[in-house]
Asks: 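One structure follows; several queries about it will come next.
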Amino acid sequence: MAKVCWPYFDPEYENFSNRMNPPRVSMDNASCHDCTLIKVDSVNKPGILLEVVQILTDLDFIITKAYISSDGGWFMDVFHVTDQQGRKITDSKTIDFIEKALGPRSQSKEGVKILPSKRVGVHSVGDHTAIELIGRDRPGLLSEISAVLANLHFNVFAAEVWTHNRRIACVLYVNDATNRAVDEPNRLSLMEEQLNNILRGCDGEKVARTSFSMGFTHMDRRLHQMLFADRDYESYRVARDVNCPLSFRPKITIERCEEKGYSVVTVKCKDRAKLMFDIVCTLTDMQYVVFHATVSSDGPYASQEYFIRHVDGCTLDTEGEKERVIQCIEAAIRRRVSEGVSLELCAKDRVGLLSEVTRVLRENGLTVCRAGVSTRGEQALNVFYVRDASGNPVDMKTMEALGKEIGKTMMVDVKRVPTNAKVPETRGWAKTSFFFGNLLERFLT
């Protein structure tokens, strides 16, 4: 069995190596007629692939192809990317931003200021407090959570909500009526108690919790970590057979490359935005290192191949190990899939707005399977992917009637989520996403 581990680097030596061989980034708009090639060369280090993919997906780029090679001391990547409309990346400010984020300046103090992470934790986003929630999902749960926050006079400034296999994970950024972070222990304790009571429900479920993490991590990655720790992947067979149409089921296989001592993970599934990030994020958090990879899109389908070893240098030799990796990758793919109908709202931000909207959805028999809440200035921008209480698609006529009802006090857009296209699925989501998109927009203006 091959034993290949990451070599130890003295911190000062590693910094010296980075100074002698700084990362190189090139943006090539000439080689391909329909996409931009982003080439990244750098000294290899653990987690570098995830860092690069994370930046590209945070910029809402569509990765159509990618070639990864990092076996040895050097990391070399080529990404074929477009914007959300399928166009090349030509904006000079965006190109400059990428070069700062991935190039030599990413290691400098300047780069740190430009690229604040998607932090999760109390006091981690300025005048806002972050709350993590995990528990069993049920119809109307998000409405109950937002009602508690409204009753306690907390304003939900931003939020991300994912549901998968009857579990819910969300991170909410809240402040008080004066737009300041809430740090009074008594108020936080009361909020935690009431939210835990709601999460546990009438059946007294123990695997539910509210927490105020002090860690700093990427938002989407944190949601993956929360559901992974919650072991949502273990019930994937039942959920897949009941809820997942045959055309949506990922085909995941794991084989052994005897010649080089790798395990080869092959994923074939419906293509969508951020698919590569979700897979690389999962492999990284499971302590697997990607040495080589190829990613390609053929129409509505994606094919991705990863040559991996565990951080201790071992390959996946037992059927139990292979099955667990397959389960976790499939769960990561499914968490972000949203079929059916989306409801996009724009209104003046105020305490209780999220509670008001989710109450209307609940009263009309709708359940939220994924949501994004953000605030720009005085405007609240929300996106809800909804289904009926049984988990079935909602009739468009019902949604249009609901849109007219809510539209009396705010701007509403009802959209059907396509089942075979990756760009329309995320177009509205990207425009209303709170975290990196807004930070980039502020930087570019």
Asks: Can you confirm whether the side chains of His164 and Arg334 place a donor and an acceptor under 3.5 Å from each other?
Replies: no
Asks: So how far is it from Cys281 SG to Met276 CE, rounded to the nearest 0.5 Å?
Replies: 12.5 Å
Asks: Which atom names give the shortest non-hydrogen contact between Val81 and Cys35, and what distance separates them?
Replies: O-CB, 3.5 Å
Asks: May I ask you to check whether over 12 heavy atoms, not counting those of Asp298, lie within 6.0 Å of atom CG?
Replies: no
Asks: How close do Leu345 and Val357 get, heavy atom to heavy atom, and via which atoms?
Replies: CD1-CG1, 3.2 Å
Asks: Start with the C-alpha distance between Val295 and Tyr67, add both sets of side-chain angles, then the distance that settles side-chain contact (heavy atoms from CB on, under 4.5 Å), and finish with yes or no.
Replies: CA-CA 7 Å; Val295 173; Tyr67 304 95; over 6 Å; no
Asks: Could I get the full list of ring pair (Phe, Tyr, Trp, His ring centres under 6.0 Å) partners for Tyr306, not counting sequence neighbours?
Replies: none
Asks: Heavy atoms only: give me the nearest Ile254-Ser263 pair and the separation to one decimal.
Replies: CG2-CB, 4.4 Å
Asks: Give, for atom CD1 of Ile333 and atom CZ of Arg249, the distance between the pair rounded to the nearest 0.5 Å.
Replies: 14.0 Å
Asks: Within the 4.5 Å heavy-atom criterion, are Val265 and Ile308 side-chain neighbours or not?
Replies: yes
Asks: Are Val414 and Leu402 packed together at the side-chain level, in the sense that at least one heavy-atom pair is separated by less than 4.5 angstrom?
Replies: no
Asks: Measuring from atom CG of Asn196 to atom CE of Met191, what distance do you get when rounded to the nearest 0.5 angstrom?
Replies: 10.5 Å
Asks: Among all residues two or more places apart in sequence or in another chain, which pass the side chain to side chain donor-acceptor pair (under 3.5 Å) test with Glu356?
Replies: Arg350
Asks: Assess whether a salt bridge exists between Asp137 and Arg167, defined as any Lys/Arg side-chain N lying under 4.0 Å from an Asp/Glu carboxylate O.
Replies: no
Asks: Which heavy atom of His153 sits nearest to which heavy atom of Arg187, and what is that distance?
Replies: O-NH2, 3.9 Å
Asks: Closer than 4.0 angstrom, basic N to acidic O: yes or no for Arg222 and Glu132?
Replies: yes
Asks: Are the side chain of Lys88 and the backbone N or O of Cys32 linked by a donor-acceptor pair below 3.5 Å?
Replies: yes
Asks: Using modelled atom types and a 3.5 Å cut-off, is there a donor and acceptor pairing between side-chain atoms of Asp349 and backbone atoms of Gln379?
Replies: no
Asks: Test salt bridge (Lys or Arg N to Asp or Glu O under 4.0 Å) on Glu51 and Lys45 and set out the steps.
Replies: CA-CA 11 Å; Glu51 292 178 14; Lys45 63 179 182 179; 3.7 Å; yes
Asks: Between Gln84 (side chain only) and Asp60 (backbone N and O only), is there a donor and an acceptor less than 3.5 Å apart?
Replies: yes
Asks: For the atom pair CG (Asn364) and OG1 (Thr398), what is the distance rounded to the nearest 0.5 Å?
Replies: 8.5 Å
Asks: Could you grab the distance from atom SG of Cys269 to atom CD1 of Ile329, nearest 0.5 Å is fine?
Replies: 10.5 Å
Asks: Identify, with sequence neighbours excluded, every residue that meets side-chain contact (heavy atoms from CB on, under 4.5 Å) alongside Cys170.
Replies: Leu133, Val161, Leu172
Asks: Going by the rule side chain to side chain donor-acceptor pair (under 3.5 Å), which residues pair with Thr36 if we only count those two or more places apart in sequence or in a different chain?
Replies: Asn29
Asks: Decide yes or no on salt bridge (Lys or Arg N to Asp or Glu O under 4.0 Å) for Arg166 and Asp232, but give the supporting numbers first.
Replies: CA-CA 8 Å; Arg166 298 179 294 277; Asp232 70 321; over 6 Å; no
Asks: Would you compute the distance between atom NE2 of His292 and atom CZ of Phe307 and round it to the nearest 0.5 angstrom?
Replies: 7.5 Å
Asks: Test side-chain contact (heavy atoms from CB on, under 4.5 Å) on Met286 and Arg324 and set out the steps.
Replies: CA-CA 10 Å; Met286 294 183 72; Arg324 183 170 181 266; 3.3 Å; yes
Asks: Over 60° means perpendicular and under 30° means parallel, so classify the ring planes of His224 and Trp162, tilted if in between.
Replies: perpendicular
Asks: Compare all side-chain heavy atoms of Gln194 with those of Leu152 and state whether any distance is below 4.5 angstrom.
Replies: yes
Asks: Cation-pi check, Arg309 to Phe291: give yes when NZ or CZ is under 6.0 Å from the six-membered ring centre and within 45° of the ring axis, no otherwise.
Replies: yes
Asks: Counting neighbours of CE on Met396 that are heavy atoms of other residues, nucleotides or ligands and sit closer than 6.0 Å, is the number greater than 12?
Replies: yes
Asks: Just grab all the salt bridge (charged side-chain N to carboxylate O under 4.0 Å, His left out) pairs involving residues 278-291, residues at least two apart or on different chains.
Replies: Arg221-Asp285, Arg272-Asp278, Asp278-Arg336
Asks: Answer whether the closest heavy-atom distance between the side chains of Lys268 and Tyr301 falls below 4.5 Å.
Replies: no
Asks: Do His80 and Phe61 have side-chain heavy atoms sitting under 4.5 Å apart?
Replies: no
Asks: Does any part of the side chain of Leu275, heavy atoms only, come nearer than 4.5 Å to the side chain of Gln304, both counted from C-beta?
Replies: yes
Asks: At their closest point, which heavy atom of Cys369 faces which heavy atom of Thr163, and how far apart are they?
Replies: O-OG1, 2.6 Å
Asks: Tell me, please, which residues at least two apart from Asn175 pass side-chain contact (heavy atoms from CB on, under 4.5 Å).
Replies: His128, Asn155, Phe157, Asn179
Asks: Excluding sequence neighbours, so at least two apart, what forms ring pair (Phe, Tyr, Trp, His ring centres under 6.0 Å) with Phe79?
Replies: none
Asks: Taking only residues two or more places apart in sequence, or in another chain, which ones meet Asp77 in a side chain to side chain donor-acceptor pair (under 3.5 Å)?
Replies: none
Asks: Sub-3.5 Å donor-acceptor pair from the side chain of Asp83 to the main-chain atoms of Gly86, do we have one?
Replies: yes
Asks: Could you walk me through whether Lys415 and Asp413 pass side-chain contact (heavy atoms from CB on, under 4.5 Å), step by step?
Replies: CA-CA 6 Å; Lys415 295 182 179 180; Asp413 189 10; 3.0 Å; yes
Asks: Please name all residues satisfying side chain to side chain donor-acceptor pair (under 3.5 Å) with Glu363, sequence neighbours left out, ordered by chain then number.
Replies: Arg359
Asks: Distance-only criterion, 3.5 Å: show the donor-acceptor pairs between side-chain atoms of residues 143-151 and protein atoms not counting sequence neighbours.
Replies:
{"from": "Glu144", "atom 1": "OE1", "to": "Arg138", "atom 2": "NH2", "distance (Å)": "2.8"}
{"from": "Ser146", "atom 1": "OG", "to": "Leu142", "atom 2": "O", "distance (Å)": "3.0"}
{"from": "Ser146", "atom 1": "OG", "to": "Ser143", "atom 2": "O", "distance (Å)": "3.0"}
{"from": "Ser146", "atom 1": "OG", "to": "Thr358", "atom 2": "OG1", "distance (Å)": "2.9"}
{"from": "Asn151", "atom 1": "ND2", "to": "Ala147", "atom 2": "O", "distance (Å)": "3.2"}

Asks: With a sphere of 6.0 Å drawn around CD of Glu184, does it hold more than 12 non-hydrogen atoms of other residues, nucleotides or ligands?
Replies: yes
Asks: Might you point out which heavy atoms bring Val43 and Ile48 nearest each other, and give the distance in Å?
Replies: O-CD1, 3.7 Å
Asks: Taking it one step at a time, do Val341 and Tyr385 satisfy side-chain contact (heavy atoms from CB on, under 4.5 Å)?
Replies: CA-CA 6 Å; Val341 180; Tyr385 292 88; over 6 Å; no
Asks: Among all residues two or more places apart in sequence or in another chain, which pass the ring pair (Phe, Tyr, Trp, His ring centres under 6.0 Å) test with Phe228?
Replies: Tyr233
Asks: Which residue pairs satisfy the salt bridge (charged side-chain N to carboxylate O under 4.0 Å, His left out) criterion with at least one member in residues 393-407, sequence neighbours excluded?
Replies: none
Asks: With heavy-atom distances below 4.5 Å as the criterion, would you say the side chains of Met399 and Leu343 are in contact?
Replies: yes
Asks: Are any non-hydrogen side-chain atoms of Leu188 and Glu192 less than 4.5 angstrom apart?
Replies: no
